[in-house]
Asker: 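First the structure, which I've put down as structure tokens, then a few questions once you've had a look.
From a predicted model like this one, the values you see are computed outputs, not experimental measurements. Chain letters run A, B, ... following the sequence lines, proteins first and then strands; every chain starts at 1. The figures that follow rest on heavy atoms only: side chains count, while hydrogens, waters and symmetry mates do not.
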There are 2 protein chains.
Amino acid sequence: MSIDKDLFKLKPIAYTTMADQVENHLREYIIKRSIKPGDPIPKETEIAQALGVSRNVVREALSRLRMLGMIESRKKRGMILTQPDVMKGLELIIHPTILDEHVRKQLFELRLVLEVGLGDLLFRRKSEEHMKKLDAIVEREQKATTQIERIRCEVDFHSTLYDMAGNETLKRFQDILMPVFEYVVEYESKLDHTSVGSVTHADLVKILYDNNPEAYPNAMRKHLMPHLSHL
Amino acid sequence: MSIDKDLFKLKPIAYTTMADQVENHLREYIIKRSIKPGDPIPKETEIAQALGVSRNVVREALSRLRMLGMIESRKKRGMILTQPDVMKGLELIIHPTILDEHVRKQLFELRLVLEVGLGDLLFRRKSEEHMKKLDAIVEREQKATTQIERIRCEVDFHSTLYDMAGNETLKRFQDILMPVFEYVVEYESKLDHTSVGSVTHADLVKILYDNNPEAYPNAMRKHLMPHLSHL
DNA sequence: AACCCTATTAAGTATTACATATTCAGGTAA
DNA sequence: TTACCTGAATATGTAATACTTAATAGGGTT
């Protein structure tokens, strides 16, 4: 509770550079002026002069926003605000080899949570094509002879579910996280779990055909049980 | 299908700057050399010289990675790789007033999916304290007289569930998305839905006390039905 | 009115210089 | 020896300047 204690808690000092400040300033500027995608933002030199910093620093801040897809710039036309891809930031950070195991595990849990809760989106948005595709995957899986082929079917099946959900953001989220999952799957398969839950892909497809949203969550839970029991 | 058609689809040209290239180069460098958090990375001048670009460009690239929390730098010690917060990128982009309604709706759906699928994490990780906290919120909610107070209880309840799940990444995800949800909630309350699903918070708490993972998903679905029926 | 040429503008890149903070080594005093 | 002070070396942070490049606008010619 004492002030001294809190002081010690501070990391080597939260040093904020000019670029950090300009970045924040620009964010505030965009929000306060409620600038919308397509609208122009001031020139680099104007910003630099207005904030009393070198153009160098301004460019660092702008470079960051550009990376996130928040702004675009053309040679003469200046810069405009753009509708950012909300998952862009995730994509830039998530790389399996950089993340430690703890985080990878948490992301894998996140995936399990998503698939169990996915039902209502699926039932509302499934189409003929989607169902046919699932049928085809199940058939392919039953004919599969190699472990590699089975794993491929597994990935395709669940990936198709995300397609069916008709939510681009969710789909993108899944696509970004996929490489991490593969890492975990590999890790788990080394342990013992070549086994599959008591509910098969075919069972899940049947539930989708039967239009039975009530049955979906617990069916998926059972399907994922080998993973869930690991928590 | 024709090539010409595809060409037209290309945006005004995917122009890559030197900073973009250096950024990618650094990412590859980190991955290929499997540099781990805490390990040092080359000096700015070394990078600039090695890649044949100005130090300015290198600093733009480094500035981006620094923003994402992938590296840290000290005045003399040089720069080191750090374990990035996987959700940092999301946090930087997601601001309700910037996102268009379409994306906000998708994020709201994502939240619904998460809460329905959250069960298994809850049952495995709930503690005495958590349950007490939920009890207190339910009690507070029943005594509430104003709409504002009820909404606050609503937020607290679901927020506590994410706490209970014992997954920091998931919790952080929720915290970042919360402002967007508030926007949607406000939007929905304007329509008609002051009503609540047939399953109350108290019912959900009971299921948690009863250690009944099977009942959870459909109970939460019913609780969220006013929102789900909007899909 | 259609076309071409030129000037202008704003972002991208390079270079140089200096400020600042941190480490390290060396030297002095107790 | 130990402790403290001091200054040099170093790498990042910031500034200033100049030049390149591409896109736009405007003016003139046919």
Side-chain angles (χ1 to χ4, degrees), chain A residues 7-8 10-27 29-30 35 37-82 84, chain B residues 7-8 10-26 29-30 33 35 37-82 84:
Chain A
L7 272 176
F8 281 123
L10 290 175
K11 310 258 166 145
I13 287 234
Y15 177 61
T16 67
T17 64
M18 287 291 134
D20 293 332
Q21 294 177 42
V22 172
E23 184 199 337
N24 291 332
H25 216 282
L26 287 173
R27 288 180 183 281
Y29 178 87
I30 290 168
I35 299 177
D39 293 348
I41 59 179
K43 322 301 173 196
E44 292 180 351
T45 51
E46 290 174 14
I47 298 171
Q49 199 168 9
L51 301 183
V53 296
S54 77
R55 194 179 144 224
N56 225 326
V57 167
V58 173
R59 280 189 59 81
E60 275 192 32
L62 289 170
S63 178
R64 297 174 179 183
L65 301 185
R66 206 173 308 122
M67 173 184 58
L68 295 176
M70 295 179 66
I71 62 175
E72 276 181 12
S73 33
R74 302 279 175 74
K75 286 270 158 143
K76 165 157 184 181
R77 201 169 154 192
M79 292 173 294
I80 57 170
L81 203 68
T82 55
Chain B
L7 272 175
F8 282 123
L10 289 176
K11 309 260 165 138
I13 286 223
Y15 178 61
T16 67
T17 64
M18 287 290 134
D20 294 331
Q21 294 176 40
V22 172
E23 185 199 336
N24 291 331
H25 217 283
L26 287 173
Y29 178 87
I30 290 169
R33 309 272 281 242
I35 298 177
D39 293 348
I41 59 178
K43 321 301 174 195
E44 292 180 351
T45 50
E46 290 174 13
I47 298 172
Q49 199 168 8
L51 301 184
V53 295
S54 77
R55 196 180 142 222
N56 224 326
V57 168
V58 173
R59 279 188 61 78
E60 276 193 32
L62 289 169
S63 179
R64 297 174 179 185
L65 301 185
R66 206 174 308 123
M67 172 183 60
L68 294 175
M70 294 178 66
I71 62 174
E72 277 180 12
S73 32
R74 300 277 181 76
K75 284 272 157 140
K76 164 155 184 180
R77 202 170 154 190
M79 293 174 293
I80 56 170
L81 202 69
T82 55

Asker: Just by protein heavy atoms under 4.0 Å, how would nucleotides 4-9 of chain C read 5' to 3' in B, S and -?
Answerer: ----BB
Asker: Atom CZ of B/Arg77 and atom P of D/dT12: how far apart are they, to the nearest Å?
Answerer: 13 Å
Asker: Does any non-hydrogen side-chain atom of A/Arg66 lie less than 4.5 Å from one of A/Ser73?
Answerer: yes
Asker: Roughly how far, to the nearest 0.5 Å, is the OH atom of B/Tyr15 from the NZ atom of A/Lys75?
Answerer: 4.0 Å
Asker: In whole angstroms, how far is the P atom of C/dT22 from the CE atom of B/Met79?
Answerer: 16 Å
Asker: Distance check needed: D/dT24 P versus A/Ile80 CD1, whole Å only.
Answerer: 11 Å
Asker: Could you give the CD1-to-C1' distance, from A/Ile41 to C/dA10, as a whole number of Å?
Answerer: 13 Å
Asker: Just by distance, do the side chain of A/Arg64 and the backbone of B/Met67 share a donor-acceptor pair under 3.5 Å?
Answerer: no
Asker: Can you tell me how far apart CG (B/Leu81) and CG (B/Asp39) are? Round to the nearest 0.5 Å.
Answerer: 7.0 Å
Asker: Could you tell me the separation between the CD atom of B/Glu46 and the P atom of D/dT10, rounded to a whole number of Å?
Answerer: 12 Å
Asker: Could you state the atom-to-atom distance from CG of A/Asp20 to P of D/dG13 in whole Å?
Answerer: 9 Å
Asker: Just N and O in the side chain of B/Thr17: are any of them under 4.0 Å from OP1 or OP2 of C/dA11?
Answerer: no
Asker: Taking side chain as C-beta onward, heavy atoms only, is A/Ile41 less than 4.5 Å from A/Ile80?
Answerer: no
Asker: Rounded to whole Å, how long is the line connecting atom CD1 of A/Ile47 with atom P of C/dA10?
Answerer: 12 Å
Asker: Would you say the side chain of A/Arg27 lies within less than 4.5 Å of the side chain of A/Met70, judging by non-hydrogen atoms?
Answerer: yes
Asker: Can any side-chain N or O of A/Asp20 pair as donor or acceptor with the backbone N or O of A/Thr17 at less than 3.5 Å?
Answerer: yes
Asker: Under 3.5 Å, which donor-acceptor pairs link side chains of residues 42-53 of chain A to any protein atom two or more places apart or in another chain?
Answerer:
{"from": "A/Glu44", "atom 1": "OE1", "to": "A/Arg55", "atom 2": "NE", "distance (Å)": "2.8"}
{"from": "A/Glu44", "atom 1": "OE1", "to": "A/Arg55", "atom 2": "NH2", "distance (Å)": "3.0"}
{"from": "A/Glu44", "atom 1": "OE2", "to": "A/Arg59", "atom 2": "NH1", "distance (Å)": "2.7"}

Asker: Is a side-chain donor or acceptor of B/Thr82 paired with a backbone partner of B/Gly69 at a separation under 3.5 angstrom?
Answerer: yes
Asker: Can you sort out which residues in residues 50-70 of chain A have a heavy atom within less than 4.0 Å of DNA chain C? Ascending by number, please.
Answerer: A/Arg55, A/Arg59, A/Arg66
Asker: Roughly, in whole Å, what's the span from CE in B/Met18 to P in D/dT21?
Answerer: 11 Å
Asker: Please determine whether a side-chain nitrogen or oxygen atom of B/Ser73 lies at a distance below 4.0 Å from atom OP1 or OP2 of D/dG13.
Answerer: yes
